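Computed from heavy atoms alone, side chains included, the values below leave out hydrogens, waters and symmetry copies. Whatever order the structure lists them in is the order used to number ligands and atoms, beginning at 1. None of the values given here were measured: they were computed from a predicted structure.
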Amino acid sequence: MSTPRIEINLKKIAHNVKVLKRLFGSKGIDIIGVTKVVCGDPTIAHALVKSGISVLADSRITNIKRMREAGIQAEFLLLRTPILSQAESVVKYADISLNSELAVIKKLSKFALKQNTIHRVLLMVELGDLREGLMPIFLDNTIKQVLKLPGIELVGIGTNLACFGGIAPDEEKMTYFSSLAKRIEEKFGITLSLVSGGNSANYNWFMSTKNVGKINNLRLGESIFLGHETLNGKPIPELFTDAFTLVAEVIEAKIKPSLPYGKVSQNASGNVPASHGRSKMKRVILGLGEQDVLVSGLTPRLDIKILGSSSDHIIVDAKKIKLKVGDELEFVLNYGALLSAMISPYVTKKVEVDVWKLKNIANLLNKNTVDINNIFQPSKLKRIPAS
Ligand SMILES: *Cc1c(COP(=O)(O)O)cnc(C)c1O
């Protein structure tokens, strides 16, 4: 198989979804599957839906359109506050959107009327992380106006913590958020069917809280795909942390000095390379670089060390491992690395199909959106779940 490639194990993703659904469901919380890190890949989206997810969320209309056109049977939620100039396509492709600007909701209303449809909105509430959301004191006034807009249905409120400001969704924040939902329902005599308390960072709160209050929803991406919570990056019991693997190939393997020699100046990145303190070492070059993936987010599965990278190369200290040209090396990806590899046109996406055979997927989805060449039978490699 060609490299670099990212191997995507659908069975492990499906397993993670089922475990998380059961876990959060035990206290009455439903989960929305967030597809932005996989760019709305239809095969992966299909796996989420097959595992019981009914609402898929993405930050970009392009990705939502991609999934819709692939024939994914789900409702679609736009995560990022709609771009005003995209209001028309937001109404066209998303069933629900997260909002924090009245001017945007008015525009959505206009296009909902024009398209003869109802667009559902959640109002985002700022709780201190300082990314999107209305300050709580402005909520009532905004709700009053949103309720008057034709073509718009206010279905709930949402909040997002631990994204920009690193503020934890703890008991205090969640209790407060829940009390806002209760107060809004009483004051306006409406039911908020979605009280969406956050993302993968809400795991610790969820595990420790005795009462989730009115919170009945979380939007999960990272914990589904990478199997960990995001406050401390700890693996969640029973989940797979290795659903994705990046594979790169050795293009040069030689014993070389550990220090550059000659007159020292800066390298292509503008840095003076650091010394590695040994006279000779096994230096290996991989056909993988910054144009393929965020190299700092990679961890090799073997005991080797990444010394550095450029746009097209990674230089590795192979330590005690014997490597030769053509050998494949596997890497675990963090969120940033996964995102970059999924975006990069240079990285082939290979879906490992264990549960649903290629034909089933291709039949269910619009054929031209599934690249049949990019699906392969599972390898025999045994990998261990975290925990
Ligand atoms: C990305 C995002 C999420 C999902 O976050 P994860 O950490 O991947 O679970 C949830 N809500 C919003 C608004 C987002 O932008």
Side-chain angles (χ1 to χ4, degrees), residues 13 16-17 19-21 23-24 29-41 44-45 48 53 55-64 67 75-83 90 94 96-101 104 120-134 155-169 173-174 177 194-207 215-236 239 241 243-244 294 297 333-343:
I13 295 170
N16 287 359
V17 171
V19 172
L20 288 167
K21 254 193 87 81
L23 175 72
F24 287 105
I29 290 185
D30 196 19
I31 61 175
I32 284 176
V34 175
T35 52
K36 67 187 180 204
V37 74
V38 295
C39 308
D41 181 282
I44 299 173
L48 299 190
I53 297 271
V55 182
L56 293 172
D58 205 290
S59 47
R60 285 160 198 270
I61 282 298
T62 318
N63 294 346
I64 290 180
M67 291 186 277
E75 289 197 305
F76 293 98
L77 180 148
L78 180 67
L79 281 175
R80 186 174 64 186
T81 314
I83 296 174
V90 171
I96 316 169
S97 58
L98 303 185
N99 285 271
S100 59
E101 288 287 352
V104 172
R120 285 172 274 161
V121 301
L122 259 82
L123 284 179
M124 292 302 275
V125 186
E126 177 61 69
L127 290 186
D129 199 56
L130 298 181
R131 204 178 69 184
E132 73 273 36
L134 288 146
V155 291
I157 57 172
T159 194
N160 197 61
L161 290 156
C163 259
F164 182 72
I167 299 299
K173 296 285 183 196
M174 291 298 106
F177 181 61
L194 274 172
V195 182
S196 191
N199 51 46
S200 296
N202 284 55
Y203 175 79
N204 297 320
W205 158 77
F206 174 83
M207 293 306 281
I215 296 167
N216 63 8
N217 180 273
L218 290 174
R219 311 169 304 273
L220 302 183
E222 191 158 348
S223 49
I224 291 177
F225 296 121
L226 297 181
H228 54 237
E229 49 81 31
T230 52
L231 267 193
N232 310 303
K234 289 234 172 69
I236 296 175
L239 297 194
T241 56
F244 295 86
L294 178 71
L333 307 97
N334 74 6
Y335 193 83
L338 177 58
L339 180 68
S340 58
M342 290 303 293
I343 292 169

Which heavy atom of the protein is the closest neighbour of atom 13 (C) of ligand 1, given with residue, atom name and distance?
E132 OE2, 3.5 Å

Answer yes or no: is there a donor N or O on one side and an acceptor on the other, between the side chain of S200 and the main chain of S223, under 3.5 Å?
yes

Residue set satisfying salt bridge (charged side-chain N to carboxylate O under 4.0 Å, His left out) with R219, at least two apart, ordered chain then number -> none

Which is it for R80 and ligand 1 at heavy atoms under 4.0 Å: side chain, backbone, both or neither?
neither

Sequence neighbours excluded, which residues qualify as ring pair (Phe, Tyr, Trp, His ring centres under 6.0 Å) partners of F206?
F24

If you have a sec, work out which protein heavy atom is nearest atom 1 (C) of ligand 1 and how many Å separate them, to one decimal?
K36 NZ, 1.4 Å

Any idea which part of E229 is under 4.0 Å from ligand 1, heavy-atom wise: side chain, backbone, both or neither?
neither

What residue and heavy atom of the protein are closest to atom 9 (O) of ligand 1, and at what distance?
S200 OG, 2.5 Å

Check: E75 and R120 side chains under 4.5 Å, non-hydrogen atoms:
yes

Mind running side chain to side chain contact (heavy atoms under 4.5 Å, CB included) on I44 and T35 for me, showing each step along the way?
CA-CA 8 Å; I44 299 173; T35 52; over 6 Å; no

Show the atoms of ligand 1 that are less than 4.0 angstrom away from any heavy atom in R131.
13 (C), 14 (C), 15 (O)

Only residue of N202, D129, N199 satisfying side-chain hydrogen bond (donor to acceptor under 3.5 Å, both in side chains) with N160 is N199

Do L339 and K36 come within less than 4.5 Å of each other through their side chains, counting heavy atoms only?
no

Please could you name the atoms of ligand 1 that L220 approaches to less than 4.0 Å, counting only its heavy atoms?
9 (O)

Is the CD atom of E101 crowded by more than 12 outside heavy atoms at less than 6.0 Å?
no

Is it the case that ligand 1 has an N or O less than 3.5 angstrom from some N or O of T230?
no

When you measure from atom 12 (C) of ligand 1 to every protein heavy atom, which one gives the shortest distance, and what is it?
N160 OD1, 3.5 Å

Between N199 and ligand 1, is there a nitrogen or oxygen pair with a distance under 3.5 Å?
no

Ligand 1 and G221, any nitrogen or oxygen pair closer than 3.5 angstrom?
yes

Looking at R60, I want to see if its CZ is surrounded by more than 12 non-hydrogen atoms of other residues, nucleotides or ligands under 6.0 Å.
no

Starting from atom 8 (O) of ligand 1, which protein heavy atom do you reach first, and at what distance in Å?
E222 N, 2.8 Å

Any N or O of S223 closer than 3.5 Å to N or O of ligand 1:
no

For ligand 1, which is the ligand I care about here, please tell me if R219 has any N or O atom under 3.5 Å from one of the ligand's N or O atoms.
yes

